[in-house]
A.B. asks: 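Just dropping this structure here.
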Amino acid sequence: MTAESLRTRTRELWGERNSGLDTSAMEVVAQVKRISAVLDRSVESIYQGAELTAAEVELLVPLRYAEEPITAIRLAERLGMSRAGVSKALAKLERRGLIAREQNPSDRRSALISMTGAGEVTIDDVFPRELDAHAKLFAGLGDCRSRVLEALVCLAETMESYVDDSTQ
C-alpha cells in the first residue's frame, strides 16, 4: 500500500466510523507533513556530522546579515518559534562561540544577539548547501512555481489569522 493510499484509506475509515466528524482537514495536513518530511530528508546529508543542526541554521540565517543586533524575543517572533526553545538554542550557540550576547541598553532584562566571525564562517559554509538542496526539489515546478507559492502564502496567512484570532 502506498503512503498516499494509506492516507486516503485512513481518512475514509475515520469518516465511516465517525459520521459527524469532518475529516477534510486531514487531506491538507497530510500534504503539509509530507512536504515537511521531504524537506527534512533533502538536507539530512548536509547535517550529518556538520557543526550545526538545521534548527540552529534557522536561527543563524536572519542574524548573518542583520543590520543591528536583535533580541531573542524578536527572533522567536520572526521565526514563529517558542521563546524558551530559542533561548536554549542561543545558549548552545553562544557556548560554541557562534553568537555573542550583550545586555540591551534600552531594556536591561534582555540581551542583544549578534553573530561572531566564527558564526559567519560556519553559516556561510552550511546554508548555501541547504539552499541548493531545496532548489533542486523545486526545479521541477517550472511555470507552476508562482501558483504554488501563492497557494502556500494563502495557506500560511489563513492559518496564522485563525491562530492569532483564537489566542486573543
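Positions are given from 1, in the same order as the sequence printed here. In this text the structure is predicted, and so the values were computed from the model without any measurement.
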A.B. asks: So, the side chain of Arg78 versus the backbone of Pro62: is there a donor-acceptor pair under 3.5 Å, distance only?
C.D. replies: no
A.B. asks: With salt bridge (Lys or Arg N to Asp or Glu O under 4.0 Å) as the criterion, how do Glu77 and Arg83 come out once you've worked through the C-alpha distance, each side chain's angles and the decisive distance to 0.1 Å?
C.D. replies: CA-CA 8 Å; Glu77 288 170 353; Arg83 291 178 183 180; 3.7 Å; yes
A.B. asks: Side chains of Leu155 and Val32: does their closest heavy-atom pair fall under 4.5 Å?
C.D. replies: yes
A.B. asks: Using only atom types and a distance under 3.5 Å, with no angle test, would you say the side chain of Arg129 pairs donor to acceptor with the backbone of Asp125?
C.D. replies: yes
A.B. asks: Indicate yes or no: at least one non-hydrogen side-chain atom of Gln103 is less than 4.5 angstrom from one of Arg108.
C.D. replies: yes
A.B. asks: Is the shortest heavy-atom distance from the side chain of Ser24 to the side chain of Arg11 under 4.5 Å?
C.D. replies: yes
A.B. asks: Is it the case that over 12 heavy atoms from other parts of the model lie below 6.0 angstrom from the CD atom of Glu102?
C.D. replies: no
A.B. asks: CD/Glu120 to CG/Leu63 distance, rounded to the nearest 0.5 angstrom?
C.D. replies: 10.0 Å
A.B. asks: Looking at side-chain heavy atoms only, is the closest gap between Leu52 and Leu98 below 4.5 Å?
C.D. replies: yes
A.B. asks: State, yes or no, whether a side-chain contact exists between Glu56 and Glu51 at a heavy-atom distance under 4.5 Å.
C.D. replies: no
A.B. asks: Rounded at 0.5 Å granularity, tell me how far OG in Ser36 sits from CZ in Arg41.
C.D. replies: 10.0 Å
A.B. asks: How about Glu94 and Ile113: do any of their side-chain heavy atoms sit closer than 4.5 Å?
C.D. replies: no
A.B. asks: To the nearest 0.5 Å, what is the distance between CG (Leu75) and CE (Met81)?
C.D. replies: 7.5 Å
A.B. asks: Do Tyr47 and Val57 make a side-chain contact, defined as non-hydrogen atoms from C-beta onward lying under 4.5 Å apart?
C.D. replies: yes
A.B. asks: Has the side chain of Ser110 got a donor or acceptor atom that lies under 3.5 Å from a matching backbone atom of Asn104?
C.D. replies: no
A.B. asks: Nearest 0.5 angstrom please: Ile99 CD1 to Thr122 OG1, how far?
C.D. replies: 12.5 Å
A.B. asks: Counting neighbours of CD on Glu150 that are heavy atoms of other residues, nucleotides or ligands and sit closer than 6.0 Å, is the number greater than 12?
C.D. replies: no
A.B. asks: Counting only heavy atoms not in Arg74, do more than 12 sit closer than 6.0 Å to its CZ atom?
C.D. replies: no
A.B. asks: Using a 4.5 Å cut-off on heavy atoms from C-beta on, say whether the side chain of Thr23 contacts that of Thr10.
C.D. replies: no
